[in-house]
Every structure is written in C-alpha cells, then in structure tokens.
Protein chains: 2
Amino acid sequence: MSRPTIAAVARAAGVSVASVSRVLNGLPATAEMAERVRRAVAELGYVPDSRARSLKVGRTFQLTLAVADVGNPVYVTMMRAVEEVVSAAGYRLVVTTTGPDVADEVALVRGMARGYADGLVISPLRVDDDLIKSIQECDVPVVVAGNVPARAGVDTVRANSPKGMLLAVEHLLTTKRHKVAFVNGPVDTVPGSARAKGFTDAMKANKLTPVAEVAAEDFTFAAGRAAGRELLEDTPGIDAVIAANDLLAVGVMHELAARGLRVPDDVAVIGMDDSALAEQSFPPLTSVNLGSAERGRRAAELLLARIEDDSRTPRRIVVQPSLSVRRSS
Amino acid sequence: MSRPTIAAVARAAGVSVASVSRVLNGLPATAEMAERVRRAVAELGYVPDSRARSLKVGRTFQLTLAVADVGNPVYVTMMRAVEEVVSAAGYRLVVTTTGPDVADEVALVRGMARGYADGLVISPLRVDDDLIKSIQECDVPVVVAGNVPARAGVDTVRANSPKGMLLAVEHLLTTKRHKVAFVNGPVDTVPGSARAKGFTDAMKANKLTPVAEVAAEDFTFAAGRAAGRELLEDTPGIDAVIAANDLLAVGVMHELAARGLRVPDDVAVIGMDDSALAEQSFPPLTSVNLGSAERGRRAAELLLARIEDDSRTPRRIVVQPSLSVRRSS
DNA sequence: ATCGTTCTTGTAATCGTTTACAGATCAGAC
DNA sequence: GTCTGATCTGTAAACGATTACAAGAACGAT
C-alpha cells in the first residue's frame, strides 16, 4: 500500500482535488469544506509530495550549503548561522560536502540546475575560472562565502584576512615577540593565498621580517603538525607562530609540546577562525575571529534577498575581524 | 530565459522527447541519433530536472543523514563513512540537523514522506514511542544509528557501550586508579542512559564503587566543563574520570587544569568516541573507540540493502569497541 | 515480390501537485 | 421573481520528465 495522494484524500472527503489543495494551502474555503478535508487528511495520514509540488510551483523551499570539509570546526559555526537564518525564513537547509578540489565544486554548482534547491551558499576552497563561470551561469542564486574577484559579479561575503593578520601581528608585538613564523595552508587555495599576502603585509607594516614561512598540505590538524615539525627542525629561535587556521595552530602546538617547548612561555601561538576548537584546545588558543558566524548569517541573508529579487546588483560584504585573546599568547 | 527542457532539446535536435530521454539514459539508439541529441544537449546546456525525473520514476537517488548536533566531532566521523558508502552506490548524500529534542526528530522522520530522499539514516539523541512509531510508519526506509528496542523491528547499528565502559574501567585498574568518577551527558538520552548503566555494571564487575557521578546538561564542551566544576567541588581525591564523550572529557580536563591538577599525573581522564578531538586535545585523550566510522558504514550498507529489498527482516548490528590509549591516562 | 523479424522512433499517458477558468450556488436588491 | 455580484467548487491543463505501446523502417529469407 503506497502513499495516499491528493486524489485519494479528495475521494475520501468527497470533494475535488482542487478543494483539497486549496484547504491545504490556506486559501479561502467554507468551514465545512475545511473540516471534511482535514478529517480525510488525518485519517489517511496524507503528506503532500514535495517533488510534485515543487515541479509545479518551480520552487523547492530548500536551500543548500556546500562546504569543503565538515571536519573543520569553522564550518560548523557557519552552518549554524546559515541554518538559523534560512529556517526562520521557512526554508529547509541541507548540507552537502564537496571534495577538496575545484572540479567537485564545479560539478556541484552545475548540478544545482537539476533543481535540488532554490539557492546555494558555497564556501569554496579553490576558485578558478570554471567555477566562476559555473556560478554565473547557475540557474539558481548562488552566494559565495569566500573571495572571488569583483568582476565575477556574484554576491559574496568574505573575511578581512589582512586586517586579521594585522591584529595578530600587532598583538605579538605588544607582547614582545619578534621572531614570528607563519604556518599557512596550501597557497593555491583562496584562504591560503589571502593569508599569505596578509601576513607579509602585516609584517612589513610593522617593520618585522618573518623568520620562517611554511605551507601545510591542507587545512587539517595532521598537516599542521607536520608543518610544525618542518618549521621547528629548520628554524631555531622562533618565539611566535601564527597559523592560518585553528586546526593548523593546534597541530603546531602539539609539535611544540613534543619538543618540550612551552606555550606561551617559549612560543606564542595564534590561530585563525576562533572556532570552538580554539576554546577547547589546551592552552586555550588565541585566535583571530574572522566572523564566521556573521559571514554565515550575512551570506544566508544575501541569498534570501536574491531569491526575492534576482535583478538586484550583486553585493560584496566584508566582515571585520577581531582578536580573541586566550592563554596561548 | 529559463532552463531548457527536454522538449527544447528534442526540438533543437529534430527528434522526439522520447528519443532524447532514451539517449540520455543510455538505452539503445543509433549513432546518428545519439550524436544529434548530444549536440543539442551541449548546445543548450540542458540538465535534466531531478524533481520531474524522481516524480516519474519514484526515486530521488538522494539519501539523508540526520544528526542532532553538527558540532559534535563524532558525527563528523560518521558522516564521512556514510558519505563514502552511499556515494559509491550512486546516491547523493544530504545532511540535515535535527534539534536536541525528540519532537524535531519525529517531524523530520514524518517529513520524509514528502519524498525528499529514498532513505534516511538517523542518529537520535532521545527516543520515545512517537519516534519509533514514526520510523515504523515512514514511507522510506530508515536505519537508526543508535539504540532502539528490538521490538521496534527496525534496522539498527549501535555501539556496545557497556563493553566500552568495561575497557575503560579495566584500563584504569591496570594503571592503579581506584577513585573513579563518571561524567555523563543527560540521562534521558539514549547514549546517556546506556553509558550510565554500562558504567555502573563495569564498576561492579571490577568490585569498584564510583566516587562520584554527575550528569552534564548536554554532550558539549561547556557542559563538560560545568560538570567538571561541580564534580571537583563536591568530591575530593578523585584519581580518574571517565566521560561519556570526548567533548565532555575535554571540558573536564580544562576544569582540572584550572584547579592546578595535572593530567594524567593527578587525575587520569578517559573519553568516549575516539573522535578527532581526542587526538587534538592536550594531552591527547585516551578514548573508547565506539566504532563511529564502522557504525556509519554499516548503517549506510543496511540502508542500501533495505532500499534494494524492503521485505528483508530487520537487522540489529552491534559494533564492538576498542580502546585508544593516549597520554591522558 | 512478399512475408516475418527485429530494431528504431514517435505518440501519448502518467507521476502528484497547483491553478486558470468556468460553472454553480447563494444572498441581497430591485 | 429576476438580476447582479460575490463566493465557492470542480474540471482540466499544466510542470518536465519516463515509458508502454504502436507504427514505421530495414533487412534477410523464401
């Protein structure tokens, strides 16, 4: 026995399918009609089929959030923020994960044309022309949480990495650290390149020269630890490390501990993202808050606004960072 | 200009919609026909509408994974495992988050009748008769990653918490710890009650009496820290703490550190789940591996099998735990 | 040349909704 | 009693795909 359809409800209630549909969608109907339909719906346990509905009305009332790595706690923060906004607007949020490489992301964006959802928030790790093109041509609105060139003409919400780096470097200066090393993620990623430039500029602005700079394989704990090892083997005398995200920072801290170096006494460590992990790590990690929650919120709002009115000019929002000082520095 | 439909492709190629559909679905066709269709598809950038398709064929080729809290790293592990299995089988995985209370879960299960996906893996925090009923009556196959009564007659994959507790307690014994406290999550949750019983039994089996037992507000870091505070204020002389999951354990470790107690020298700490956090915490956390990756994998396999054949008798799989000994004990 | 197969293609019905349109009903006003 | 509007309800046509069925083409065998 398969699911009851609207026709079955109509039959059971002795009315037409149109009337059932109307009652269910809150259109005006007599009390008697509404009552009969409700009774039949309850009796049969009828639930409307969203596929058929969205085929007809052209909307799914679902929104998609695509992230590269669910293991990265910064995405958890963003996810929660997005979820809150879109569910308040009556949408269902579904999360999918893209792989680490840009081809996966392009496939996902292209796939949106199949009508899975009414909109997409994507936080791409790597961006190339293909991806930009796929976003521009996408049949549903797309908001990028991250950095794409202005000429792409898409709604974006991004962090201000350079400013964040400045906060980190200045904080180290006021705490008298001068031999600063930088542990980045892969430089061929969007955050990787932004943070590399941010770091260089921030150091220059403060008339400091980096003692070392390494790039981890990816933005994970294990990669951070490996990068930390490399760093400490090659470069003696480091008194501070800035890492491109919290996972890398925690990896570095483990490597420091393994070598008997104390944080913050011997080496100060600063992460970025100010994710839950920063608070959970030991010692608690000083971290640059790049506003991931706010980015998520704004991105969701931008998406809703564009769904509302597709002709509005694309906006590019920049969220300002702040520094969460904890015990690691 | 809206998305091209199969009719537009047919027109452009000068063939019928049926032929386009056949070519796209790999049914036999002449080379000439295939070529014309492919050319038209490429030219128009046609992408089939999954809503229409799944309305007709009655399948969406999507599967849903529902978890209570994306911030809990154990779900990350599960998610990855599920993703791997289902995508290998040609399904798209979408993740949704339920709230912490059972009503949200029931709503989600009921909502599956709308046809969002072909199946559901749900890992419920709390289970009641309503939820069981909704699962039994659900129009699509549901696999529970967690514990529901056998009489419910649903496919389940669950951890063996009692056995896991035994591993933890025995490990503490061999390392000469006797004053063992237990930090649980809410006891009205499925894992909470299972672990409470597991702990009690494991202690009894080893002729130990717990020095203290507290229940945190929920399974989060902050709650763990608060529970740790309560514990340490009320009970002096503890030399080991078992926590019901890694987040709680890390919270307790922070509270220990705040009071100048060293881990493991003064107090040994053992977590459960063996999530990424266990490895990342400092000192690295000894944790009971409850097989979350395997649970995810098996749950996904069970779901696929049931989609294949809905008449098979429900299976209840139990995954065996192991202990990952690290430096916190 | 005719017939029977087989293979390819097109027509049209269908999935479960929503909604434009038209028909029915009813109340109120004259 | 008839007419006008307003209001409610039903019929049927979409939405964009798949697929049963039938018709047509091609081809070899007789």
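What you see is a predicted model; the values in this text were computed from it and never measured. Numbered from 1 within each chain, the chains take letters A, B, ... in sequence-line order.
- With Asp118(A) contributing its side chain and Thr60(A) its backbone, the two residues share a donor-acceptor pair below 3.5 Å.
- Across residues 52-60 of chain B, Leu55(B), Lys56(B) each have a non-hydrogen atom less than 4.0 Å from an atom of DNA chain C (numbered order).
- In this structure, Glu301(A) and Val85(A) have side chains that are in contact, with non-hydrogen atoms separated by less than 4.5 Å.
- Between the two ends of the helix from dA1(C)-dT30(D) to dC30(C)-dG1(D), each summarised by a five-pair axis, the helix axis turns through 60° (rounded to 10 degrees).
- The nucleotide range of DNA chain C contacted by chain B, defined by atoms under 4.0 angstrom from heavy atoms of the protein and reported 5' to 3', is dT8(C) to dG16(C).
- Not a single donor-acceptor pair under 3.5 Å links the side chain of Thr156(B) to the backbone N or O of Asn147(B).
- With Leu302(A) as reference, Ile317(A) is the one residue of Val121(A), Val144(A), Ile317(A) to meet the side chain to side chain contact (heavy atoms under 4.5 Å, CB included) rule.
- Leu108(B) places a side-chain heavy atom less than 4.5 Å from the side chain of Leu120(B).
- Running 5' to 3' along DNA chain D, contacts with non-hydrogen atoms of chain A at under 4.0 Å begin and end at dC8(D) to dG16(D).
- Taking the side chain as every heavy atom from C-beta outward, Met33(A) and Val37(A) approach each other to under 4.5 Å.
- Put simply, the residue from Asp104(B), Asp101(B), Asp188(B) that forms a side-chain hydrogen bond (donor to acceptor under 3.5 Å, both in side chains) with Arg126(B) is Asp188(B).
- With contacts defined as side-chain heavy-atom distances shorter than 4.5 Å, the pair Gln136(A)/Val154(A) qualifies.
- Ionic pairing of Glu84(A) and Arg80(A) is not present here: no N-O contact between side-chain nitrogen and carboxylate oxygen is shorter than 4.0 angstrom.
- DNA chain C is contacted by both Thr5(A) and Thr30(B); Thr30(B) maps to the nucleotide lying nearer its 5′ end (nearest heavy atom per residue).
- Here the side chains of Tyr91(A) and Ile307(A) are in contact, with some heavy-atom distance below 4.5 Å.
- Residues Asp155(A) and Leu303(A) form no side-chain contact, since every pair of their non-hydrogen atoms from C-beta on lies 4.5 Å or further apart.
- For DNA chain C, the neighbouring residues in residues 37-50 of chain A, judged by any heavy atom under 4.0 Å, are Tyr46(A), Val47(A), Pro48(A), Asp49(A).
- Under a 3.5 Å cut-off, the side chain of Asn25(B) and the backbone N or O of Leu27(B) do not form any donor-acceptor pair.
- Put simply, the side chain of Asp130(B) does not reach to within 4.5 Å of the side chain of Val102(B), judged on heavy atoms.
- When atom types are taken as modelled, the side chain of Glu105(A) and the backbone of Leu125(A) share a donor-acceptor pair closer than 3.5 angstrom.
- Listed by residue number, Ala18(B), Ser21(B) are the residues of residues 14-23 of chain B with a heavy-atom contact under 4.0 Å to DNA chain D.
- Arg306(B) places a side-chain N or O within 3.5 Å of a backbone atom of Arg312(B) that can act as its donor or acceptor partner.
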Go through the steps for Glu137(A) and Lys133(A) under the test salt bridge (Lys or Arg N to Asp or Glu O under 4.0 Å), then give the verdict. CA-CA 6 Å; Glu137(A) 292 170 349; Lys133(A) 191 144 162 286; 3.8 Å; yes
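- Shown are Arg298(B), Arg295(B), Arg316(B); of these, the side chain to side chain contact (heavy atoms under 4.5 Å, CB included) with Arg158(B) is made only by Arg316(B).
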